[in-house]
Each structure stands twice: as structure tokens, then as C-alpha cells.
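Inspection log for the structure reproduced underneath, given as C-alpha cells.
Note that ligands are numbered from 1 as they come in the structure, with each ligand's atoms numbered from 1 the same way.
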Amino acid sequence: MLRFAPSPTGDMHIGNLRVALFNYIVSKQKKEDLIIRIEDTDKQRNIEGKDKEILDILNLFGIEYSQTIYQSENVRFHTAMALQLIHDKKAFSCFCSTEWLDKKREEAKASKKAYRYDDACAKLHPELVIDNTNPFTIRIKKANENIITKDRIKGEVTFKPDDVDSFIIMRQDKTPTYNFACAVDDMLSDISIVIRGEDHMSNTPKQDHIRGSLNYAKKIEYAHLPIILNTDGKKMSKRDDASSVKWLLEEGFLPQAISNYLILIGNKPPKEIFTVDEAIEWFDLEKISKSPARFDINMLRHINHKHLASLEPKELSRYVGFADEEIGKLAKVYLEEASTTKELKNKIKTIFSSKEIPQEFKEATIILIDVIKSAPYFEAYDDFKKYLMQESGLKGKNFFKPLRYILTGSGNGPDVSELYKYLKNYIGEIVK
Ligand code: GLU
């Protein structure tokens, strides 16, 4: 079983979508199920509706999953496991106040040492623990041997016992901490491999240690994906528009192109343009680069352009707001100068809107519009052109430029002779 475990705390980031895609691909390769676990235990950070938005995005990207689990529904298991650990003397109640712990943390910082909990409450008398009505957290006892994790991208990673102190697994309000809930849930769902972002690397020994303390014999494998950098070489953050999947979709990037791009970066695919189904055939986690991937919007535009070009005209027409083969063919011609559905849509919209004509062609335009309005239907552009020239008396630049403006709303662009093939049935709507 594999899992994708988003927190419903904001817009879906491309890094998360990349994690979801990799989980999906590997689940298909291993012929194991993929579950979605909404990590909603931190109530203060949850944003209403974000869970649905994430699931909608997964559906749009064709990421199939067998089940959705809300982590908050597992709290009774988290509590039971915490009690089990206390019973086994592998966890203890900690009465240290937040102020006290903050003070210790400051002291560690001042002496330039990494803060570790000093185990002050680890050996308290059990009676004191049971009778006490003061607020307390539950801490798991620190590891006393190395914790070794197998990472499919980073190789074998060894953590020393001192890398992990006796950390909190249940807060004062008896809600589980992220590490505890996550470690227990991965165990309960019988996860075989966890694929997630590199920012979780430091949580891995803690989660491994929790399961070890619960006597879970199975070793879960990991794959921590390197972060994605922006063009300035900094981590892609919320401030980078392109980090939001929603933004990319609104800008007119196709889901299949975004997927293609996210599988391509930091990887060595056998070809540049592919579908997720094709990637399932050759994808190899071990080939993912250990160093950060770099986001390049121009490369994404190039890939989007290729995917747009491979669409059937009818399908392409839907992306620009029509359901018409001819408009799809027209849009194909405009792919000469557009790389997103938003840009294509604007081009097509300009054709059907009222047009801005430059002053120098205004007079000729008025004459030409009159002629076009009373012209019969012409199948061939040459006949149409001949008729218009004859009736208007216009020629050369004074004929061709106004004609282009009237038909397309622009002074340059694809050949009018090429466009006419797809516009001829719409002349009445275009020239008003
Ligand atoms: N909920 C975590 C996040 O969105 C992911 C945790 C995990 O994959 O283990 O970053």
C-alpha cells in the first residue's frame, strides 16, 4: 500500500503534486493500492474546503486511489498506542512547562548546541504521574541505538541515537503530534514505501523509532524527493505563482503537460514528451537526482505546446470554449504563436470580438466591411480575395492589412489564406 498524505492547509503546491504523481506511478508499478490520507489533526491550520480542492486536483490529473482517510478519525488509535507505549515504559508523561522548555531551548541556542530534551521527567515516580492533575504531554523515550532508513533516492541513511531526543507524541490537550499520527497511520495502513518531500527527512528517524517502540517489525522504505527551486535558485514558495497547481491550470497549462513536466525535472526519462501511462512503463525512483530540481516555466510552456499540438481538433476546441472541429483546426494554426490554452483562447476571442483598427486603415476597412457583408459565400480563399479586390478597388497593403484586421483583429499572425479555411463559415459572425 502507498499513500499520499496532504495537509488541507493551503493551495496544492507543485511539489505536492509531484509527490502524488510519483506515489501513483509507483503504486501502479508495484500493483499496490494508493490511499489518500488527509492530515487534518492540526485543527488551527486546516482551511475549510481545501481537502475537496486537493481531491478534485488529483481527479483532474487522473491520479486514481482506492480510499480517502481523514487522519482525525484515527485519533482513538493514536491514543491507544500512546497508552500502550506508557504501559511498556517506552513513553512517559512530561510535566515540564512550556516556559521552562523555552528557557532550555534558548540556553542551547546561546551555547550553539542543538537542543535536546534533558529527560527530566523520564524517571518520575509512577504514582506522581498517575495522581497528577497538572497539564502534561507524553514523550516517547529516545532511541538507544542507531536508526537506519533505506531511502530509494538518498541510499541508506543512518541516524545516531542522539539525533532523536525523547520527543512529544501527545500534546497537553492529548491530540497526537504530526510525527506520532503519521507513524501510527503508516503502520495501520500497512504502507510499503513512503514517497514524500525532502523537507520531511528529519521526521523519518522519529517515525521509524515510534514504530520500532510499538514492536512493529516491518521496515517501511522511503523515498525523499529533492525540493524544487525557482529561477533564482531559491526554494519554490507560495510567493512564486507557478508553485500553485491552481494558478498553472488557470494560466492554461494542461494537466497532462504539468504531469509530464513534473516527472521530467530532476529525472532522466527516455523521451521528452510522454503521458503518465507511458511513464509507468519506465519510471525508476532510483534515477531521480539527489540534487534539487529547477523549475523553468519556459520548458513547461514548450511541453504544454507539444501536448496542445497532439490534441484532436475537436478536443482542442473545447479548451478554447467551443465544441467545433473547425475552431479546433483554427486553434491549431494559432499554435504558431501560443503555448497555453489561455493564450489560444485570447487569440480566438479576438477574432470574434469588435476590433481596434489603426487610423491609417480605417477608411479602407469601412469600404471592405461593406463589400464583405454583401459578398456571396466563397469556398476558396483566392476567389474570396479576387471578389473583394474587384468590388472594393483596394489593393496591396491597403487591401491585405485591413482584411487581416477585419478577420483576426491583429496586424500580424498566421497567413490569412491558411486561416480562411476555418473562418469561411463564420464570416457573418466575425464581420459585424
Ligand atoms: N502532511 C505532510 C505534508 O503535507 C506530508 C506528510 C508525509 O507525507 O508523511 O507535508
Side-chain angles (χ1 to χ4, degrees), residues 1-27 32-47 49-58 61 63 65 67-75 77-78 147 149-154 157 159 164 167 169 175-211 216 218-228 235-238 243-246 262 285 288 292:
M1 186 90 81
L2 281 88
R3 58 30 160 220
F4 171 57
S7 303
T9 52
D11 278 1
M12 177 108 131
H13 185 280
I14 49 166
N16 288 114
L17 178 60
R18 188 160 174 249
V19 167
L21 278 167
F22 285 19
N23 270 295
Y24 171 67
I25 292 172
V26 175
S27 78
E32 290 181 18
D33 278 350
L34 170 66
I35 56 170
I36 309 302
R37 185 172 72 226
I38 306 285
E39 302 213 314
D40 60 344
T41 38
D42 192 349
K43 294 267 180 278
Q44 263 138 30
R45 292 186 58 227
N46 290 346
I47 299 177
K50 285 293 164 195
D51 53 338
K52 296 273 177 305
E53 217 173 274
I54 293 168
L55 295 173
D56 284 348
I57 288 180
L58 296 180
F61 280 77
I63 297 174
Y65 49 90
Q67 209 188 343
T68 311
I69 295 175
Y70 283 80
Q71 187 161 56
S72 55
E73 287 167 14
N74 277 353
V75 169
F77 298 119
H78 307 141
I147 303 168
T149 41
K150 209 175 139 215
D151 191 293
R152 296 280 289 278
I153 296 172
K154 303 194 177 296
V157 190
F159 298 91
V164 178
F167 60 94
I169 56 172
T175 56
T177 56
Y178 154 69
N179 275 313
F180 193 57
C182 182
V184 169
D185 289 351
D186 284 340
M187 181 174 101
L188 292 178
S189 299
D190 190 20
I191 298 302
S192 55
I193 176 164
V194 168
I195 304 173
R196 62 181 175 190
E198 180 175 70
D199 45 334
H200 286 288
M201 192 73 205
S202 63
N203 293 320
T204 301
K206 294 185 177 176
Q207 297 178 9
D208 237 356
H209 176 54
I210 290 168
R211 284 188 297 266
Y216 187 62
K218 181 169 162 176
K219 266 299 228 184
I220 297 180
E221 256 194 299
Y222 282 86
H224 286 97
L225 303 185
I227 54 167
I228 304 178
K235 187 179 168 179
M236 281 278 262
S237 74
K238 279 191 196 140
S243 72
S244 157
V245 177
K246 212 158 106 186
L262 291 178
L285 267 179
I288 302 296

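Within the 4.0 Å heavy-atom shell around ligand 1 one finds Arg3.
In this view, His224 and Asp151, Arg196, Thr204 satisfy the side chain to side chain donor-acceptor pair (under 3.5 Å) rule, not counting sequence neighbours. With sequence neighbours excluded, the residues forming a side chain to side chain donor-acceptor pair (under 3.5 Å) with Asp185 are Gln71, Asn74, His78, listed by chain and number.
For ligand 1 and Cys182, the ligand atoms under 4.0 Å from any heavy atom of the residue are 9 (O). Numbered from 1 in the order shown, with element, the atoms of ligand 1 that lie under 4.0 Å from a heavy atom of Glu39 read 1 (N), 2 (C), 5 (C), 6 (C).
Remark: minimum distance from atom 5 (C) of ligand 1 to any protein heavy atom is reached at Ala5 O, 3.2 Å. With respect to atom 10 (O) of ligand 1, the closest heavy atom belonging to the protein is His200 NE2, 2.9 Å. For atom 6 (C) of ligand 1, the closest heavy atom belonging to the protein is Tyr178 OH, 3.2 Å.
Ligand 1 has a nitrogen or oxygen under 3.5 angstrom from a nitrogen or oxygen of Ser7.
With Thr41 contributing its side chain and Ser72 its backbone, the two residues share no donor-acceptor pair below 3.5 Å. Without hydrogens or angle criteria, Glu221 side chain to Ile193 main chain gives no donor-acceptor distance under 3.5 Å. Under the 3.5 Å distance criterion, the side-chain polar atoms of Asp51 are left unmatched by any main-chain donor or acceptor of Pro8.
Under the 4.5 Å side-chain criterion, counting only non-hydrogen atoms from C-beta, Arg3 is in contact with Asp186.
Under 4.0 angstrom from ligand 1, there are no non-hydrogen atoms of Phe4.
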